[in-house]
Chemist: 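Here it is, the structure, as structure tokens.
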Amino acid sequence: MFSTDDTIVAIATPPGRGGIGVVRISGGSAAAVAAALTSGRRFVPRHATLAAITGPDGAHIDQAVVTFFTAPHSYTGEDVVEVSAHGSPIVLRQIVASAMTAGARLANPGEFTLRAYLNGRIDLVQAEAVGDLIDAVTPVQARLAFDALEGTLTSRIRVVDAVLMDLIAKLEASLDFPDEGYHFVEHGGAADAIDAAIHGIDAVLADARRGRLIREGLTVAIVGRPNAGKSTLFNRLIGAERAIVTEVAGTTRDLLTERMDLEGIPVTVVDTAGLRTEAADAIEEEGITRARSAAAIADALIVVLDGSEPLGPDDEALIGSTASRVRAVVAAKADLSAAWEPEALHALRVSALTDRGLDDLRRAIVKALDIEPPRDEAAISNARHIELMNRARAALMVARDAAGTGAPEEFVLSDLHEARGAFDEIVGTRTAEDVLQRIFERFCVGK
Ligand SMILES: Nc1nc2c(ncn2[C@@H]2O[C@H](COP(=O)(O)OP(=O)(O)O)[C@@H](O)[C@H]2O)c(=O)[nH]1
Ligand SMILES: [Mg+2]
């Protein structure tokens with residue numbers, strides 16, 4: 001399925017017009033294809049050369065800067081030619097067509113990065129990080145992806161793996177001395193070493209929740225009774241007049257969602273219909289049902305109470321039913337005179353009219369979600385990696401129990417090997433083709 005013996009070509013820059021557009025060619029005949037594009041010119045490796053480019057019919061179509069990277073010193077590890085032409089979709093498509101006439105094949109999504117992985121230029125964690133870096137929508141997401149791309153996450157895993165490898169070597173050696181117990185491992189040494197590896201995994205997994213939230217984002221639902229000021233707050237948070245605001249109770253009936261950047265974490269904010277026991281009609285009734293389901297699945301809630309009106313039974317019910325949730329309670333309309341004391345409910349005074357308290361609210365949500373600010377260590381963020389780390393951990397727990405009770409080396413070894421197998425799958429030393437296909441098919445063509 002993953003052939004690497006042909007030469008592939010694709011536009012590497014995003015669709016549309018731009019100052020520059022890049023066509024990337026990779027494979028054994030990249031230099032020959034480049035020659036065919038430029039009436040037979042030869043290119044010095046790692047030098048940018050201005051050249052006239054010919055289209056499929058042989059006519060000049062553009063002047064471009066051609067850069068030739070020889071294997072293995074290139075992105076893919078193969079011979080690579082990058083043609084930086086003017087960013088016209090027509091010109092770029094003609095260059096691709098010319099390259100195909102010269103024998104190149106159109107690349108599949110992610111195929112350049114797949115080749116980099118198959119040729120050992122990067123490991124699988126790094127290949128996945130390329131996709132994450134390109135897809136990042138907040139600076140913190142980009143940072144997380146770049147850490148993984150630089151190999152920081154891989155090296156954290158390697159530290160744990162090294163402990164296991166050492167132990168495996170000793171246990172395997174002691175297999176040759178059947179009568180002497182764990183010959184090359186001190187008494188209790190095997191269980192201790194496995195414990196150290198489990199702690200290493202736990203440290204990586206402890207950062208996983210934060211990593212996952214940064215990578216995948218989360219949902220925050222705004223709930224409260226009608227007219228509390230939810231839609232106005234929603235509009236202020238997203239910085240656009242998206243929701244309709246009126247003094248008529250029950251205006252918002254459908255769920256409105258919008259993406260925002262909350263201290264570097266991509267958040268989907270949901271504005272909901274006001275929760276009240278007596279809906280005006282069937283439409284509002286349905287709106288309230290939707291509001292309740294949105295609130296149920298949200299990672300956090302903003303509970304909006306009207307600070308300028310006495311609290312009613314609908315407010316009390318909401319305060320009670322959300323008490324165990326990750327939430328920030330807001331006393332809205334803080335520009336008006338207060339009808340109750342927000343401190344008692346740990347409510348933040350917020351005015352969507354004057355923006356008072358908005359920054360406090362943003363910080364309160366992040367704090368309630370318990371997402372520590374990004375640290376220097378690379379965090380694991382990818383669900384695939386988390387699952388495999390957990391699998392490794394489970395195998396090590398079994399191995400530790402076996403080692404602790406003095407079970408034969410073979411038993412301990414088989415679980416240690418299983419744990420290492422999970423590490424290998426993360427990094428990609430041993431990964432099934434269908435998994436690879438799933439990882440790379442979400443890339444775009446040219447990456
Ligand atoms: N003075 C003041 N009025 C507000 C504020 N937020 C909302 N309102 C008003 O309260 C009413 C209901 O607001 P809306 O956002 O539609 O509430 P929702 O039903 O909870 O979505 C509208 O007349 C808004 O103009 C605020 O911060 N200060
Ligand atoms: Mg509303």
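Residue numbers count from 1 along this sequence. Excluded from the calculations below are hydrogen atoms, water molecules and symmetry mates; all remaining heavy atoms, backbone and side chain alike, are included. Ligands are counted one by one from 1 in listed order, and the atoms in each one are counted from 1 as well.
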Chemist: Does ligand 1 come near enough to Leu336 that some N or O of the ligand is less than 3.5 Å from an N or O of the residue?
Modeler: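 In fact, backbone or side chain, Leu336 has no N or O that close.
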Chemist: Below 3.5 Å, N or O to N or O, backbone or side chain included: is there any such pair between Val245 and ligand 1?
Modeler: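 Among all N and O atoms of Val245, none is under 3.5 Å from an N or O of ligand 1.
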Chemist: Counting from 1, what ligand 1 atoms have a heavy atom of Ser231 closer than 4.0 Å?
Modeler: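 Within the 4.0 Å cut-off of Ser231, ligand 1 contributes 15 (O), 18 (P), 21 (O).
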Chemist: Looking just at side-chain N and O atoms, do Ser26 and Tyr75 make a donor-acceptor pair shorter than 3.5 Å?
Modeler: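 Judged by distance alone, the side chains do not pair up.
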Chemist: Heavy atom of Gly274 under 4.0 Å from ligand 1?
Modeler: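 Not so, Gly274 does not reach ligand 1.
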Chemist: Under a plain distance cut-off of 3.5 Å, with no hydrogens placed, do His385 and Glu128 share a side-chain donor-acceptor pair?
Modeler: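 On atom types as modelled, these side chains qualify, holding a pair under 3.5 Å.
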Chemist: If we only consider heavy atoms of Thr251, is any one of them less than 4.0 Å away from an atom in ligand 1?
Modeler: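 Contact absent.
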Chemist: In the protein, what heavy atom is nearest to atom 5 (C) of ligand 1, and what distance, to one decimal place, separates them?
Modeler: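 That would be Lys333 CG, 3.5 Å.
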Chemist: I'd like to check which ligand 1 atoms, numbered from 1 as shown, lie under 4.0 Å from a non-hydrogen atom of Ser351.
Modeler: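 Counting from 1, the qualifying ligand atoms are 27 (O).
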Chemist: Pick from Val81, Ile25, Thr49, Val80: which one makes a side-chain contact (heavy atoms from CB on, under 4.5 Å) with Phe68?
Modeler: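 By the side-chain contact (heavy atoms from CB on, under 4.5 Å) criterion, Phe68 pairs with just one of Val81, Ile25, Thr49, Val80: Val81.
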Chemist: Salt bridge or not for Lys367 and Glu263, using N-O below 4.0 Å?
Modeler: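 No, no charged N to carboxylate O under 4.0 Å.
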Chemist: Is it true that Asp271 and Lys230 have a side-chain N and a carboxylate O under 4.0 angstrom from each other?
Modeler: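 No, this pair does not count.
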Chemist: Is the closest basic N to carboxylate O distance between Lys447 and Glu111 below 4.0 Å?
Modeler: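 Salt bridge: no.
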Chemist: Output yes when Arg290 and Glu285 qualify as a salt bridge under the 4.0 Å nitrogen-oxygen rule, no when they do not.
Modeler: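 Looking at Glu285 together with Arg290, the answer is no, because their closest N to O distance does not fall below 4.0 Å.
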Chemist: Heavy atom to atom 7 (C) of ligand 1, shortest distance: which of Asp271, Thr232, Val248, Ile244 holds it?
Modeler: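 Result: the heavy atom closest to atom 7 (C) of ligand 1 is in Thr232.
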Chemist: Is ligand 1 under 4.0 Å from a heavy atom in the side chain of Asp335, in the backbone, in both, or in neither?
Modeler: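 Side chain only; the backbone of Asp335 stays clear of ligand 1.
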Chemist: When you measure from atom 19 (O) of ligand 1 to every protein heavy atom, which one gives the shortest distance, and what is it?
Modeler: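 Of the protein heavy atoms, Asn227 N, 2.8 Å lies nearest.
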Chemist: Nearest protein heavy-atom contact for atom 22 (C) of ligand 1: which residue, which atom, what distance?
Modeler: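 Result for atom 22 (C) of ligand 1: Thr246 O, 3.4 Å.
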Chemist: Between Arg156 and Asp147, does at least one N-O distance fall below 4.0 Å, as a salt bridge requires?
Modeler: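 Salt bridge flag = no for Asp147 with Arg156.
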Chemist: Does the distance from a Lys or Arg side-chain N to an Asp or Glu carboxylate O, for Arg276 and Glu284, drop under 4.0 Å?
Modeler: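 Here Arg276 pairs with Glu284 in a salt bridge, since their nearest N and O are under 4.0 Å apart.
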Chemist: Under 2.8 Å from the Mg ion (ligand 2), which protein N, O or S atoms do you find? Ignore water molecules.
Modeler: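 As for protein N, O or S atoms lying under 2.8 Å from the Mg ion (ligand 2), they are Ser231 OG, Thr252 OG1.
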Chemist: Can a donor-acceptor pair be found between the side chains of Ser231 and Thr252 at a distance below 3.5 Å?
Modeler: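 A pair is found: one side chain offers a donor N or O, the other an acceptor, under 3.5 Å apart.
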Chemist: Under 4.0 Å from a heavy atom of Glu247: give me the atoms of ligand 1 that qualify, with their elements.
Modeler: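 Listed by number with element, the hits are 23 (O).
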Chemist: Starting from atom 27 (O) of ligand 1, find the nearest protein heavy-atom neighbour and note its residue, name and distance.
Modeler: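 Looking only at protein heavy atoms, the one closest to atom 27 (O) of ligand 1 is Ala352 N, 3.0 Å.
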Chemist: Pull out every atom of ligand 1 sitting under 4.0 Å from any heavy atom of Leu353, numbered as shown with elements.
Modeler: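 That gives atoms 1 (N), 2 (C), 26 (C), 27 (O), 28 (N) of ligand 1.
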Chemist: Can you pull out the closest protein heavy atom to atom 17 (O) of ligand 1? Residue, atom name and distance to 0.1 Å, please.
Modeler: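 The closest one turns out to be Gly229 N, 3.1 Å.
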Chemist: Check this for me, if you would: do Arg400 and Asp195 make a salt bridge, where the nitrogen-to-carboxylate-oxygen distance has to be below 4.0 angstrom?
Modeler: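 Answer for the salt bridge query: yes.
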Chemist: Between Asp359 and Arg236, does any NZ, NE, NH1 or NH2 come within less than 4.0 Å of an OD or OE carboxylate oxygen?
Modeler: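 No salt bridge links Arg236 with Asp359.
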Chemist: Could you grab the distance from atom CG of Leu114 to atom OG1 of Thr76, nearest 0.5 Å is fine?
Modeler: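 Leu114 atom CG to Thr76 atom OG1 measures 10.5 Å (nearest 0.5 Å).
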Chemist: Please determine whether side-chain hydrogen bond (donor to acceptor under 3.5 Å, both in side chains) holds for the pair Asp123 and Thr154, giving the CA-CA distance in whole Å, both sets of side-chain angles, and the decisive distance to 0.1 Å.
Modeler: CA-CA 8 Å; Asp123 65 30; Thr154 306; 2.9 Å; yes
Chemist: So, is Val350 polar-close to ligand 1, with some N/O to N/O distance under 3.5 Å?
Modeler: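 So ligand 1 has no N or O lying under 3.5 Å from an N or O of Val350.
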Chemist: Any idea which part of Val304 is under 4.0 Å from ligand 1, heavy-atom wise: side chain, backbone, both or neither?
Modeler: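 Answer for Val304: neither.
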Chemist: Determine yes or no for a side-chain-to-main-chain donor-acceptor pair under 3.5 angstrom, with Thr251 supplying the side chain and Glu247 the backbone.
Modeler: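 Side chain of Thr251 to backbone of Glu247: no pair is present.
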Chemist: Determine whether any heavy atom of Ala332 lies closer than 4.0 Å to an atom of ligand 1.
Modeler: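 For ligand 1, residue contact (heavy atoms, under 4.0 Å) with Ala332 is absent.
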